[in-house]
Each structure stands twice: as structure tokens, then as C-alpha cells.
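Here is the structure we will look at, set down as C-alpha cells.
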Amino acid sequence: MNTLVKKCICGLIVVLFFTSCASVQSYSYSEFRTTEPTQTVHAVPVIADLEMSPTRITYAERINIDISTFKKAELQAIVDAQKETVLLNAIKQHKADIIVAPLIDIQTDANHNLIITIVGYPATYKNFRNATPDDAWFVTTQCPVQENSSTKKDNPLKLFKK
């Protein structure tokens, strides 16, 4: 009997050993809706006046990177990013919303650093208002209605009638 108990205990230990080494698997499941409820939104065009400064500004920044260490493609990516940054800084400095007709000049100095100059007219948006039928001429020239649209081509503000 003693050997039978030993065999059972050994068998139990072997079974426990193999079951404890079994790989643990996890299961996760996610699902999405294949159809969404229908939603209809009508947006009213917003019109604003652009108040432009009569004085042209000049804003320049030196970018301290040695351009001679970059390949052409890398340099183009850097220049594109820096132009945007310098334009943003010019807008911030002049407390503007945009710079109208900006001219961007990029030069290098004797140390191969970039000098980016922005020249233009700072402007801010004022007098925000909903478009009215009197503004239809502007809406049709700036946002033309498509031929297959449900609105008539001659009245882009049809959706916004009271």
C-alpha cells in the first residue's frame, strides 16, 4: 500500500508539474457598429471682416543650424518647418490673425545659418456674423455649390432661410 500511495503522489506531482507549465492565453474582443444613426447638420456660413494694417512689416529670424551638414531633402524639410515657425512668430509679435500676401526670403550667412525674413501686412478678423442673403455673392464665389447638390446653384443660402 505504501508503494501505491507513493505512485499516486508521484503521479499527482507530475500532473501538477505539467499543468503549471501550460501556457497562459488571454482573450480580448472588441466590436464596432457597422451602421451609424443618420444625422443631419446644417451649418450656417460665417462672414468676417479682415482689418488689414496699412503698414507693411518686416520680421526676420536667424536659425542657428549649419546647413552644410544636411542633404538636400533633409534641408528642404527643415526649411519648410522653419518658414512656418517664423511666420507664426511674426503673427504673434504683431498680434495679428494672419499676414496678408507674405513674402518669404531665405538667405544664409557666412556661417551657413539660415536667415528667414517675412514681409507682409498683418491683419485681424473683426465683426464675425452669420451670412445673410445679401452675402450670397460672396458665398458663391468663395464656396461654389456643386452641380449635384440639393441646393439650387443660384441660391447657396437656401438651407439657411428662416
Side-chain angles (χ1 to χ4, degrees), residues 23-162:
S23 62
V24 177
Q25 294 186 6
S26 63
Y27 177 77
S28 179
Y29 177 76
S30 299
E31 186 174 323
F32 66 93
R33 291 189 293 197
T34 56
T35 58
E36 292 290 328
T38 303
Q39 298 176 358
T40 305
V41 176
H42 297 284
V44 177
V46 175
I47 304 291
D49 298 327
L50 188 62
E51 188 176 283
M52 190 171 76
S53 170
T55 307
R56 189 165 69 170
I57 57 105
T58 299
Y59 179 85
E61 280 189 25
R62 178 185 313 277
I63 312 301
N64 293 320
I65 56 169
D66 184 355
I67 65 163
S68 64
T69 61
F70 296 101
K71 293 180 182 172
K72 188 173 184 176
E74 295 171 328
L75 182 58
Q76 188 61 49
I78 290 169
V79 167
D80 289 343
Q82 291 299 325
K83 283 191 311 189
E84 291 177 9
T85 302
V86 174
L87 185 58
L88 173 66
N89 291 341
I91 289 170
K92 284 180 180 179
Q93 182 179 359
H94 293 280
K95 296 177 178 60
D97 292 320
I98 63 170
I99 302 291
V100 176
L103 301 174
I104 301 173
D105 184 51
I106 301 171
Q107 301 292 324
T108 55
D109 64 10
N111 296 326
H112 305 285
N113 294 316
L114 291 174
I115 300 171
I116 300 176
T117 305
I118 307 288
V119 178
Y121 296 89
T124 55
Y125 291 106
K126 306 275 184 186
N127 193 22
F128 289 88
R129 62 197 180 281
N130 288 339
T132 64
D134 293 339
D135 297 315
W137 68 271
F138 180 75
V139 175
T140 56
T141 59
Q142 298 302 312
C143 308
V145 176
Q146 300 295 321
E147 283 290 333
N148 61 357
S149 174
S150 61
T151 60
K152 287 186 177 179
K153 194 169 185 173
D154 58 345
N155 186 4
L157 300 175
K158 178 182 177 192
L159 293 173
F160 314 112
K161 288 199 284 187
K162 291 184 181 180

Rounded distance [0.5 Å steps], OG1 in T108 versus CG in N113:
9.0 Å

Interatomic distance, CD@Q82 vs CG@L114, rounded to 0.5 Å, equals 7.5 Å

Rounded to the nearest 0.5 Å, what separation is found between the CD1 atom of I65 and the CG atom of N111?
13.0 Å

Any non-hydrogen side-chain atom of N130 less than 4.5 Å from a side-chain atom of V46?
yes

Rounded distance (nearest 0.5 Å) linking atom NZ of K95 with atom OG1 of T124
12.5 Å

Would you check, one step at a time, whether the test salt bridge (charged side-chain N to carboxylate O under 4.0 Å, His left out) holds for K126 with D97?
CA-CA 10 Å; K126 306 275 184 186; D97 292 320; over 6 Å; no

How long is the gap from CD1 on I116 to CD on Q107, to the nearest 0.5 Å?
11.0 Å

Answer yes if the side chains of Q76 and D80 hold a donor-acceptor pair under 3.5 Å, and no otherwise.
yes

Looking only at heavy atoms, which two atoms of I99 and P122 are closest? And how far apart?
CD1-CA, 3.9 Å

CZ/R129: more than 12 non-hydrogen atoms of other groups inside 6.0 Å:
yes

Report yes if the side chains of I63 and V86 come closer than 4.5 Å at any heavy-atom pair, otherwise no.
yes

Work out which heavy atom in Y121 is nearest to a heavy atom in S53; give both atom names and the distance.
CD2-O, 3.3 Å

For Y125 versus I98, what's the shortest heavy-atom pair and its separation?
OH-CD1, 3.9 Å

Distance from L87 atom CG to I118 atom CD1, nearest 0.5 Å?
5.0 Å

Taking atom CD of E51 as the centre, report whether more than 12 heavy atoms of other residues, nucleotides or ligands fall under 6.0 Å from it.
no

